[in-house]
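Just below is one structure, and these are the notes that go with it.
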Amino acid sequence: MTATIARDGVHELEIQRSRFLCHLARVETEEAAAEFIAAVRKEHWSANHNCTAFRLGDGAQRSSDDGEPAGTAGVPMLEVLVRRELVDVVAVVTRYFGGTKLGAGGLVRAYGRAVSEAVDAVGLLRRARFATLEITAAHAEAGRLEHALRAAGHRIAEVGYGSSVRLTVHVPEAEAEGFRRWLAEQTAGAVTATTGTTVELDLP
């Protein structure tokens with residue numbers, strides 16, 4: 001199980017007169033992360049540094065020190081995302097230098113703290129892998145079945161109408177077989193579900 005941030009946000013802290021602004025956003029692709037980073041750098045073009053880190057659900061991750069000593073900014077930022085099992089998140093920490101040098105250790109602590117405090121401020125959502133199940137039912141049965149699905153707390157992602165009704169349901173991977181048994185009981189075995197792709201979704 002992984003997690004992501006509950007919302008985008010900005011958190012600021014001051015350390016020895018240097019301002020650190022951490023901008024966080026949810027992204028799902030490297031292109032989206034790059035666009036967010038570019039937007040923050042454009043907004044804070046006069047800052048001394050705009051250091052970055054992002055981590056995606058597909059395993060891609062990158063970091064940049066943006067002129068700070070190697071390994072003192074982007075790496076500790078990324079380590080916070082890894083340690084807290086965050087995915088689909090990009091962090092940009094903007095630094096306005098206050099005149100006092102922090103040293104390598106001080107920079108590592110400052111950049112890591114900026115991301116950690118920002119994550120705490122925006123909150124987290126836990127994520128889990130869900131199986132996508134496609135159910136096809138006759139129009140006469142679909143209404144009752146949809147009601148039963150919702151009453152049981154199952155996630156209906158989509159309902160499509162044609163010659164029959166197609167319901168797309170997301171079920172936690174570990175519960176997929178149990179869901180098939182539940183569906184058979186609800187429909188006396190008349191309706192079955194076919195398995196589609198596996199997706200990662202936020203938990204309620």
Side-chain angles (χ1 to χ4, degrees), residues 1-130 170 172-173 198-204:
M1 187 179 294
T2 58
T4 192
I5 55 175
R7 60 179 177 84
D8 296 357
V10 182
H11 178 75
E12 180 176 346
L13 68 153
E14 183 176 316
I15 301 174
Q16 295 188 33
R17 295 195 299 276
S18 279
R19 293 173 59 214
F20 292 84
L21 290 83
C22 181
H23 309 74
L24 293 176
R26 290 181 64 166
V27 293
E28 295 185 354
T29 65
E30 293 193 42
E31 291 76 15
E35 288 176 5
F36 180 78
I37 291 168
V40 174
R41 284 179 169 162
K42 183 177 180 180
E43 179 183 357
H44 295 279
W45 61 271
S46 62
N48 299 88
H49 307 279
N50 285 289
C51 304
T52 65
F54 69 83
R55 189 168 184 243
L56 305 179
D58 63 6
Q61 58 184 42
R62 301 279 188 279
S63 66
S64 168
D65 296 311
D66 192 38
E68 292 282 31
T72 63
V75 169
M77 290 169 61
L78 183 58
E79 285 179 349
V80 172
L81 303 183
V82 172
R83 185 172 67 250
R84 301 186 69 160
E85 300 180 304
L86 293 171
V87 296
D88 294 340
V89 179
V90 57
V92 182
V93 176
T94 299
R95 183 190 183 193
Y96 288 92
F97 182 56
T100 301
K101 293 185 177 181
L102 302 181
L107 289 173
V108 168
R109 289 189 294 273
Y111 280 98
R113 177 183 164 192
V115 176
S116 186
E117 287 190 8
V119 169
D120 289 339
V122 301
L124 296 180
L125 290 173
R126 302 303 298 178
R127 310 191 94 187
R129 291 173 64 83
F130 283 73
H170 288 142
E173 277 191 317
T198 298
V199 295
E200 278 209 342
L201 299 173
D202 301 333
L203 294 173

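Sequence positions, counted from 1, serve as the residue numbers for this chain. Every value quoted in this text rests on a predicted model; they were computed, and no experiment measured them.
- Side-chain contact between Thr94 and Glu43: absent, with no pair of heavy atoms (C-beta onward) separated by less than 4.5 Å.
- The CD atom of Gln61 sits 4.5 Å away from atom CG of Leu78, with the distance rounded to the nearest 0.5 Å.
- A 4.5 Å side-chain heavy-atom check between Asp58 and Glu30 finds every atom pair outside the cut-off.
- Contact check on Glu85 versus Arg126 returns a salt bridge, with a Lys/Arg side-chain nitrogen under 4.0 Å from an Asp/Glu carboxylate oxygen.
- Looking at heavy atoms from C-beta onward, Thr52 lies out of side-chain contact with Val90 at the 4.5 angstrom threshold.
- For Glu28, the CD atom counts as loosely surrounded, since its 6.0 Å shell holds 12 or fewer non-hydrogen atoms of other residues, nucleotides or ligands.
- Counting heavy atoms from C-beta outward, Cys22 and Met77 have side chains that stay 4.5 Å or more apart.
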Decide yes or no on side chain to side chain contact (heavy atoms under 4.5 Å, CB included) for Glu200 and Asp88, but give the supporting numbers first.
CA-CA 11 Å; Glu200 278 209 342; Asp88 294 340; 5.6 Å; no
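- Checked options Phe97, Tyr111, Phe20; the residue passing with His49 is Tyr111 (criterion: side-chain contact (heavy atoms from CB on, under 4.5 Å)).
- Across His11 and Ala121, no two heavy atoms sit closer than the pair ND1-CB, 4.2 Å.
- Between the side chains of Arg127 and Thr4, no donor-acceptor pair of N or O atoms lies under 3.5 Å.
- Within a 6.0 Å sphere centred on CZ of Arg109, other residues, nucleotides and ligands contribute 12 heavy atoms or fewer.
- Distance check: Leu13 CG to Arg113 CZ gives 5.0 Å after rounding to the nearest 0.5 Å.
- For the atom pair Asp8 CG and Leu24 CG, the distance stands at 8.0 Å (nearest 0.5 Å).
- Under 4.0 Å is where a charged nitrogen must lie from a carboxylate oxygen, and between Glu79 and Arg83 no such pair does.
- What you find for Ala91 and Val115 is that their closest heavy atoms are CB-CG2, 4.3 Å.
- Thr100 and Arg95 make their closest contact through O-NH2, 3.9 Å (heavy atoms, listed as atom of the first residue, atom of the second, distance).
- Scanning both residues, Val40 and Val92, for their nearest heavy atoms gives CG1-CG1, 3.6 Å.
- Under the side-chain contact (heavy atoms from CB on, under 4.5 Å) rule, Glu68 has a single partner from Val93, Leu107, Leu102, which is Leu107.
- Across all non-hydrogen atoms, the minimal contact from Ala47 to Tyr96 is CA-CE2, 3.5 Å.
- Two residues are said to be in side-chain contact when any heavy atoms from C-beta on lie closer than 4.5 Å; Glu12 and Val10 fail this criterion.
- Considering every non-hydrogen atom in both Ile15 and Ala110, the closest pair reads CD1-CB, 3.6 Å.
- Between Arg84 and Leu124 there is a side-chain heavy-atom pair separated by less than 4.5 Å.
- Counting heavy atoms from C-beta outward, Leu125 and Arg26 have side chains that approach closer than 4.5 Å.
- Looking only at distances, a side-chain donor or acceptor of Arg55 sits under 3.5 Å from a matching main-chain atom of Leu86.
- By the 4.5 Å heavy-atom criterion applied to side chains, Ile37 and Asn50 are not counted as neighbours.
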